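Accompanying notes for the structure given below.
Bear in mind that the values here come from a model prediction, so they are computed numbers and not experimental data.
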Amino acid sequence: QLGAGQRLPTSGTVFISVKDNDKSGVLPVAAQFNAIGFKIMATQGTARLLTANNIPNEIVKKVSMGRPHVVDAIKNGEVQLVFNTTEGAQALSDSRSLRRTALLHKVPYYTTVSGAVAAAGAFLGEKALYTAATIKMIQNVLIGVIAFFVAWFWVVKVDRQQGQKVPASEIWTRFPKFVIGFIGASI
């Protein structure tokens, strides 16, 4: 997709219409896109399967079933990603106009379940990387806070002589400076 100058959308609506043999393979893909906030639009047969598996979706007509149909939805900017596998003469005829419209409107279009799985994996990989970086940043900040309190406790409670005031510079001397590197690298 990137080589063709197309970028995967980060939000919006995914249109899913797959032949019967591919229906079970597309379920995890639909669930993943639903989980990351995409709306799902599907033709009647695929929508029935998604609904039976508690995946919210909106039904849209095939091109051969009259208007408004999926090609109209793409032209109106209502669809940002297409997963479509076909079987049979009518489905192939419908998919021709669907592919052409998706291409003209720069909507990424996948014709195999493995392509759909790869697209879903790309989204999850990006989200997982962001989540991991956020968790690491929080961990590093907590390390810094804990290191400060350990240095403070050591100076004020353990090393301090009775009745002696402890200067702030002593806490700084005991504070492990590498923790500042952790925090700086995280931000």
Side-chain angles (χ1 to χ4, degrees), residues 1-139 186:
Q1 294 294 330
L2 291 174
Q6 288 185 334
R7 297 261 181 224
L8 289 174
T10 56
S11 62
T13 301
V14 180
F15 168 71
I16 302 174
S17 180
V18 293
K19 61 186 178 184
D20 289 338
N21 293 346
D22 291 338
K23 287 197 185 333
S24 63
V26 84
L27 271 176
V29 172
Q32 288 175 349
F33 275 98
N34 178 57
I36 60 175
F38 277 78
K39 286 177 45 184
I40 297 174
M41 188 179 282
T43 52
Q44 194 171 13
T46 303
R48 194 172 22 255
L49 174 77
L50 297 176
T51 301
N53 286 277
N54 299 316
I55 300 172
N57 64 85
E58 174 186 336
I59 296 176
V60 66
K61 292 178 185 176
K62 293 180 180 182
V63 174
S64 61
M65 298 178 88
R67 295 191 120 136
H69 47 63
V70 64
V71 170
D72 294 329
I74 293 171
K75 287 179 180 177
N76 294 336
E78 298 170 25
V79 174
Q80 287 69 45
L81 188 60
V82 174
F83 299 136
N84 180 237
T85 65
T86 56
E87 181 175 67
Q90 186 60 54
L92 286 171
S93 175
D94 284 357
S95 73
R96 211 176 343 270
S97 63
L98 182 57
R99 280 193 311 271
R100 195 180 82 147
T101 305
L103 181 65
L104 288 172
H105 289 81
K106 297 186 183 336
V107 173
Y109 188 102
Y110 294 86
T111 58
T112 63
V113 171
S114 58
V117 168
F123 279 99
L124 292 179
E126 186 177 316
K127 294 256 184 205
L129 183 63
Y130 175 79
T131 302
T134 302
I135 289 170
K136 189 65 177 169
M137 181 188 73
I138 292 167
Q139 287 174 336
S186 297

Quiz item: Any side-chain heavy atom of Pro56 within less than 4.5 Å of one from Asn34?
Solution: yes
Quiz item: Shortest non-hydrogen contact from Ser97 to Val71?
Solution: OG-CG2, 3.8 Å
Self-check item: Side-chain heavy atoms of Thr43 within contact of Phe15, under 4.5 Å
Solution: yes
Quiz item: Going by heavy atoms in the side chains, are Lys75 and Thr101 under 4.5 Å from each other?
Solution: yes
Quiz item: Which residues satisfy the side chain to side chain donor-acceptor pair (under 3.5 Å) test with Thr111, sequence neighbours excluded?
Solution: none
Quiz item: For the atom pair CG (Leu81) and OG (Ser11), what is the distance rounded to the nearest 0.5 Å?
Solution: 11.0 Å
Quiz item: How long is the span from the CD1 atom in Ile16 to the CG atom in Leu49, to the nearest 0.5 Å?
Solution: 10.0 Å
Exercise. Mark yes or no for whether Asn21, through its side chain, and Lys19, through its backbone, hold a donor-acceptor pair below 3.5 Å.
Key: no
Quiz item: Which heavy atom in Ala30 sits nearest to a heavy atom in Leu50, and how many Å separate them?
Solution: CB-CD2, 3.5 Å
Exercise. State plainly whether the residues Lys23 and Asp20 are in salt-bridge range, i.e. N to O under 4.0 Å.
Key: yes
Self-check item: Heavy-atom donor-acceptor pair, Asn84 side chain to Ser17 backbone, under 3.5 Å
Solution: yes
Self-check item: Selection residues 58-85 - residue pairs positive for ring-ring contact (aromatic ring centres under 6.0 Å, His included), sequence neighbours left out
Solution: Phe33-Phe83, Phe83-Tyr110
Practice problem: Check side chain to side chain donor-acceptor pair (under 3.5 Å) between Asp22 and all other residues, then give those that pass, not counting sequence neighbours. | Solution: Thr85
Quiz item: Do you know which two heavy atoms are closest between Thr13 and Glu78, and how far apart they sit?
Solution: CB-O, 3.1 Å
Practice problem: Check whether more than 12 heavy atoms from other residues, nucleotides or ligands sit under 6.0 Å from atom NZ of Lys61, and answer yes or no. | Solution: yes
Practice problem: Would you give the length of the straight line joining atom NZ of Lys39 to atom CG of Asn57, rounded to the nearest 0.5 angstrom? | Solution: 11.0 Å
Self-check item: Gap separating the CD1 atom of Ile74 from the CE atom of Met41, nearest 0.5 angstrom
Solution: 9.0 Å
Quiz prompt | Distance-minimising heavy-atom pair for Ala47 and Ala42 | solution = N-CB, 3.8 Å
Exercise. For side-chain contact (heavy atoms from CB on, under 4.5 Å), just list the numbers for Gln44 and Met65, CA-CA rounded to whole Å, side-chain angles, deciding distance to a tenth of an Å, and then say yes or no.
Key: CA-CA 11 Å; Gln44 194 171 13; Met65 298 178 88; 4.1 Å; yes
